[in-house]
Amino acid sequence: MSTPKPSAENPVKFRKLKLTAPKTTAAGIPAVISALHHIWNEMSLARGMKALAALNQKEGYDCPGCAWPDPSHRSKIAEYCENGAKAIAEEATEKVLFAPFFSTNSLTQLSQLDDYDLGKKGRIGEPLYKPSGADHYQAISWSEAYQTIARHLHALPHPDEAVFYTSGRTSNEAAFLYQLFVREFGTNNLPDCSNMCHESSGVALSESLGIGKGSVTLEDFQHTELILILGQNPGTNHPRMLTALQQAKRKGAKIIAINPLKEAGLMGFRNPQTVEGVLALNEDLADLYLQIRIGTDMALIQWICALLFQKEQYGEQVADQAFIQEKTKGFEAWANHIQQLDIASLQAITGLHEEEVSQAADLIAGSNRIIACWAMGLTQQVQAVDTIREVVNLLLYKGSIGKPGAGTCPVRGHSNVQGDRTMGIYEKPSAAFLQSLEQQFGFIPPGKYGYDVVESIYAMEKGEVGVFMAMGGNFLSATPDTARTAAALQRCKLTVQISTKLNRSHLITGEEALILPVLARSDQDVVNGKVQFISCENSMGIVHASKGILAPLSKQLKSEPVLVAELAQAVLGSKSKVNWAHLATHYDHIRDAIESCIPGFSEYNKRVREPGGFALPNGPREGIFTNTAQKALFQVAKLQLSPPEPGQLVMMTIRSHDQFNTTLYGLHDRYRGIFNERRVLMINQADIDALGFQAGDKVNLIGQEFGTRREAKGFILVPYDIPQGNCASYFPEANVLVPLEKTARKSNTPVSKHVLITLEPFQEVVEV
Ligand SMILES: Nc1nc2c(c(=O)[nH]1)N[C@H]1C(S)=C(S)[C@@H](COP(=O)(O)OP(=O)(O)OC[C@H]3O[C@@H](n4cnc5c(=O)[nH]c(N)nc54)[C@H](O)[C@@H]3O)O[C@H]1N2
Ligand SMILES: Nc1nc2c(c(=O)[nH]1)N[C@H]1C(S)=C(S)[C@@H](COP(=O)(O)OP(=O)(O)OC[C@H]3O[C@@H](n4cnc5c(=O)[nH]c(N)nc54)[C@H](O)[C@@H]3O)O[C@H]1N2
Ligand SMILES: [Mo]
């Protein structure tokens with residue numbers, strides 16, 4: 001009999017699915033009730049009240065949920081959303097795990113829990129170590145933990161055999177120190193969650209406009225005429241964006257939503273912070289809803305642009321000629337390309353009707369100030385970079401960039417994912433950045449580019465990585481091809497997870513493993529008797545302070561900046577050119593170091609203390625383009641589609657309303673009417689019929705891409721309003737089906753929104 005091994009996937013275990021009609025409005029009182037329910041389940045009344053009162057206040061802490069910016073006028077009662085409150089419930093829980101929990105529960109046993117039950121076990125309370133061959137974690141002191149890491153790192157033949165992942169909650173201060181440590185150690189292997197998230201936006205925007213960040217501010221929503229929202233579900237993932245949309249609408253703006261699903265938060269909103277919202281008065285959001293087929297947005301944008309050119313030919317003034325002349329390059333070639341496209345075939349690709357798309361073209365033609373918002377529906381596609389550049393082409397054609405009420409708005413995910421990049425968490429650092437590190441600190445940072453997320457997995461798979469360390473996140477479950485990634489991680493000699501809460505990456509480990517527990521955003525951080533604050537950059541490039549207020553659950557928790565400084569000292573020793581002890585004694589010292597290396601941070605310590613923080617420089621916002629051409633570039637790109645074969649479905653892997661990435665707050669997807677079950681496949685009834693199944697049947701999802709059979713067992717068919725041929729499941733349960741090889745061109749982002757699958761009946765295993 002083979003010894004049992006921890007399972008990398010969620011067990012196939014069904015709860016009790018309940019379905020209701022999907023909602024057409026987001027938030028309202030049910031959102032408030034849900035938020036409070038989550039809080040009271042995890043902590044005492046006093047702790048809950050304290051946590052909520054400081055959330056997103058200027059003197060409080062930044063929500064560890066999404067990266068949507070805070071308004072300059074904050075509501076005193078509640079400047080947060082339902083899902084922000086859930087994020088707090090999750091991290092500020094009073095449940096805490098120490099070594100005895102792990103001596104009673106083996107990794108194999110824990111892996112039989114699903115991600116929901118696993119996450120609800122609580123915060124990690126002390127450093128933990130899993131020796132080689134063991135199936136249990138045991139207590140270890142901080143200094144022994146550092147020595148273990150140092151021993152493994154020193155044993156590597158080359159620093160490039162270590163990989164240092166970062167998830168986007170890491171503060172500016174911790175991120176800066178972490179990349180400094182990693183580069184002084186000698187590698188640029190700094191993959192991050194951005195590689196799986198907005199990398200495509202970064203690449204596209206850098207090429208087109210010179211900076212990989214969006215150009216709009218929250219203020220722009222007050223001045224815009226038209227908002228396009230592509231591939232984003234703000235009602236769930238950026239609920240506070242709905243307030244900005246509501247305000248824009250009240251000032252007369254129109255909204256076009258482009259999404260295969262009719263998402264409640266794009267259709268209507270009841271603002272729970274207003275009297276109208278409490279009285280359940282609904283406000284419509286989208287004026288036009290284009291229920292597009294998955295992966296066909298580029299065809300739609302090209303189709304719209306072709307219609308705009310037709311309007312011009314009939315004498316309508318659509319293009320901003322002055323802007324095109326003065327600020328852009330490449331217009332002629334792009335105009336020729338678009339005008340030669342065959343509209344009928346674009347129409348067939350998107351599955352949309354001529355009337356609705358010409359309505360969209362009318363709205364765009366008649367607007368001079370347009371904001372384009374997008375998220376994962378666009379970035380996690382094979383042709384993501386070209387698609388985003390096509391959206392930018394449309395904005396350039398309309399002169400809708402670098403003026404109030406107009407511009408690009410890639411809506412970021414993690415609360416500091418954008419800041420981490422600014423701090424140098426990037427496997428492809430610029431020469432200028434490395435040079436400034438060298439000048440400031442006096443060591444020569446490595447010039448060779450490092451691995452991104454997918455390249456890291458390949459390297460681990462080949463046995464070329466000895467040490468894997470993660471600053472937050474849940475690498476195993478967030479990455480594609482779960483079974484393959486698990487095997488890759490297990491080839492490492494040592495895996496180190498710097499974490500707040502228990503997750504599956506703690507169970508699928510290298511030969512030896514460490515869990516290092518840290519303070520979370522809401523925890524009070526005291527260093528040498530002084531209360532510290534950290535800083536974050538939101539989705540719109542505003543850097544602001546965040547100060548935790550809750551008493552930490554255990555004395556053994558370290559702050560991330562202190563942990564990195566201590567680890568660096570243990571690993572680099574007296575050879576290090578960096579004064580780590582000084583940096584870690586007060587975070588002002590870290591901010592001074594950042595100021596000296598990174599443009600835009602002058603007087604960092606002063607300006608970050610101003611209420612609301614300060615804005616980083618942003619060229620496109622001012623109509624200045626800093627790419628090589630010094631002009632905004634029109635790009636010509638041909639559509640390259642990989643349509644499904646007969647019998648195959650195109651599946652997107654998306655978030656439910658009750659999760660934050662791999663963290664499951666709950667088991668419901670309230671707006672979509674799916675309750676108490678995550679092993680579901682949302683699918684068109686016509687496809688259920690055509691494939692010979694019935695609603696409620698259990699199926700296995702089978703992928704065959706790149707010559708490998710991948711299987712996710714046991715998903716319940718839920719008939720849903722989704723284009724025929726498309727279907728949707730939840731991440732991370734379906735990640736096992738996302739092929740490692742299938743990545744977006746140029747950004748190498750895993751294609752989590754376009755997985756080709758077939759269905760097979762599921763056989764329930766009857767235990768005898
Ligand atoms: N509560 C909560 N907040 C979060 C997160 C969370 O998990 N929970 N995650 C955070 C992170 S890291 C991120 S990156 C963001 C993610 O925010 P989103 O990008 O909104 O998250 P997804 O659930 O991946 O949703 C993608 C949306 O795109 C649509 N879509 C899928 N494929 C296509 C397509 O081909 N074309 C178009 N037009 N639409 C498509 C889906 O129907 C869905 O509405 O949210 C952040 N905020
Ligand atoms: N199939 C599919 N896969 C996807 C996606 C998808 O849409 N579909 N989305 C991708 C996207 S957009 C992203 S951003 C990634 C997310 O990838 P990750 O960022 O790696 O994953 P998270 O689930 O956000 O990480 C949660 C864990 O972070 C730890 N944590 C939480 N707060 C803190 C903190 O303050 N400090 C530290 N040190 N640790 C903390 C906790 O232990 C928690 O279990 O997943 C990607 N994967
Ligand atoms: Mo993300």
Side-chain angles (χ1 to χ4, degrees), residues 64-68 81-84 86-87 90-91 115 118-119 123-124 165-171 174 192-198 229-239 257-261 263 265-266 290 292-297 300 374-381 387 411-415 417 453 470-480 497-506 515-523 560 563 650 652-663 665 722 726 728-735 737-738 749-750 752-755:
C66 74
W68 188 257
C81 65
E82 173 193 354
N83 281 347
K86 288 184 200 161
E90 192 70 26
E91 80 166 34
D115 286 344
L118 197 61
R123 290 276 295 269
I124 315 273
Y165 174 71
T166 309
S167 165
R169 264 192 205 183
T170 309
S171 64
D192 67 352
C193 68
S194 205
N195 295 147
M196 301 181 269
C197 184
H198 265 294
I229 307 173
L230 304 104
Q232 192 204 345
N233 178 20
T236 286
N237 297 315
H238 310 92
I258 301 166
N259 200 304
L261 300 179
E263 304 283 25
L266 291 169
L290 303 179
I292 194 170
R293 283 197 190 119
I294 295 172
T296 66
D297 298 77
L300 170 66
W374 69 88
M376 297 304 103
L378 250 55
T379 64
Q380 298 172 339
Q381 298 284 356
T387 303
V411 186
R412 299 279 160 174
H414 266 298
S415 51
V417 62
V453 161
M471 175 58 89
N474 183 356
F475 190 84
L476 168 79
S477 304
T479 50
Q497 301 287 341
I498 300 169
S499 308
T500 52
K501 295 205 69 175
L502 189 61
N503 66 44
R504 207 163 286 274
S505 291
H506 301 129
I515 307 179
L516 305 180
V518 283
L519 296 173
R521 215 40 93 60
S522 49
D523 292 327
E560 290 173 356
L563 184 160
V650 176
M652 55 181 174
T653 56
I654 56 176
R655 292 154 172 80
S656 78
H657 191 59
D658 269 3
Q659 74 183 83
F660 192 94
N661 300 339
T662 68
T663 299
Y665 302 142
I722 184 169
N726 288 176
S729 59
Y730 297 128
F731 135 64
E733 286 82 351
N735 281 38
L737 296 166
V738 181
T749 294
S752 311
K753 298 286 190 273
H754 199 280
V755 185

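These numbers come from a predicted model, not from an experiment. Counting starts at 1 for both ligands and their atoms, in listed order.
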Enquirer: Any N/O of Cys197 closer than 3.5 Å to an N/O of ligand 1?
Expert: no

Enquirer: For ligand 1, is there an N or O atom under 3.5 Å from any N or O atom of Tyr665?
Expert: no

Enquirer: Would you mind checking which non-hydrogen protein atom is closest to atom 8 (N) of ligand 1, with the distance to 0.1 Å?
Expert: Gln659 O, 2.6 Å

Enquirer: Got an N/O contact under 3.5 Å between His506 and ligand 2?
Expert: no

Enquirer: Work out which heavy atom in Tyr165 is nearest to a heavy atom in Asp192; give both atom names and the distance.
Expert: CE1-C, 3.6 Å

Enquirer: Closest non-hydrogen protein atom to atom 32 (N) of ligand 1, residue and atom name please, with distance?
Expert: Met652 SD, 3.5 Å

Enquirer: Could you tell me whether Lys86 approaches ligand 1 through its side chain, its backbone, both or neither, with non-hydrogen atoms closer than 4.0 Å?
Expert: neither

Enquirer: Under 4.0 angstrom from ligand 2, any heavy atom of Lys753?
Expert: yes

Enquirer: Below 4.0 Å from ligand 2: does a non-hydrogen atom of Glu91 turn up there or not?
Expert: no

Enquirer: Any atoms of ligand 2 less than 4.0 Å from a non-hydrogen atom of Gly472? List them with their elements.
Expert: 37 (C), 38 (N), 39 (N)

Enquirer: Does Gln381, backbone or side chain, put an N or O under 3.5 Å from an N or O of ligand 1?
Expert: yes

Enquirer: Return yes or no for this condition: an N or O of Arg655 is under 3.5 Å from an N or O of ligand 1.
Expert: yes

Enquirer: Who's closest to atom 17 (O) of ligand 2 heavy-atom-wise, of Ala375, Gly119, Ala478?
Expert: Ala478

Enquirer: Side chain or backbone, does Gly231 bring an N or O within less than 3.5 Å of an N or O on ligand 1?
Expert: yes

Enquirer: Is any N or O atom of Asn474, backbone or side chain, closer than 3.5 Å to an N or O atom of ligand 2?
Expert: yes

Enquirer: Counting only nitrogen or oxygen atoms and a 3.5 angstrom limit, does Leu502 reach ligand 2?
Expert: no

Enquirer: Does Gln380 reach ligand 1 with a nitrogen or oxygen that is under 3.5 Å from one of the ligand's nitrogen or oxygen atoms?
Expert: no

Enquirer: Do you see a donor-acceptor pair shorter than 3.5 Å between the side chains of Ser171 and Glu560?
Expert: no

Enquirer: Ser167 heavy atoms, cut-off 4.0 Å: which ligand 2 atoms fall inside?
Expert: 18 (P), 19 (O)

Enquirer: With heavy atoms only and a cut-off of under 4.0 Å, state how Asn503 meets ligand 2: side chain, backbone, both or neither.
Expert: side chain

Enquirer: Would you check whether Val518 has a nitrogen or oxygen atom less than 3.5 angstrom from a nitrogen or oxygen atom of ligand 2?
Expert: no

Enquirer: State whether the shortest distance between N or O atoms of Arg412 and N or O atoms of ligand 1 falls below 3.5 angstrom.
Expert: no

Enquirer: Consider every N or O of Arg293 and every N or O of ligand 1, then say whether any pair is closer than 3.5 Å.
Expert: no

Enquirer: Return the minimal non-hydrogen interatomic distance between Asn661 and His414, and the atom names on each side.
Expert: ND2-NE2, 3.3 Å

Enquirer: Is there any N or O on Met376 that sits under 3.5 Å from an N or O of ligand 1?
Expert: yes

Enquirer: Taking non-hydrogen atoms only, is Ile292 closer than 4.0 angstrom to ligand 1 via side chain, backbone, both or neither?
Expert: side chain

Enquirer: I'd like to check whether Arg169 has a polar contact with ligand 2, where a contact means an N/O of the residue lying under 3.5 Å from an N/O of the ligand.
Expert: yes

Enquirer: Only heavy atoms of Gly413, strictly under 4.0 Å: list the atoms of ligand 1 that pass.
Expert: 10 (C), 11 (C), 12 (S), 13 (C), 14 (S), 15 (C), 46 (C)

Enquirer: Starting from the C-alpha separation in whole Å, work towards a yes-or-no answer on side-chain hydrogen bond (donor to acceptor under 3.5 Å, both in side chains) for Arg169 and Thr500.
Expert: CA-CA 11 Å; Arg169 264 192 205 183; Thr500 52; 5.4 Å; no

Enquirer: Do Thr379 and His198 get their side chains close enough for a donor-acceptor pair, meaning under 3.5 Å?
Expert: no

Enquirer: Is there a polar contact, in the sense of an N or O pair closer than 3.5 Å, between Thr653 and ligand 1?
Expert: no

Enquirer: Is there a polar contact, in the sense of an N or O pair closer than 3.5 Å, between Ala520 and ligand 2?
Expert: no

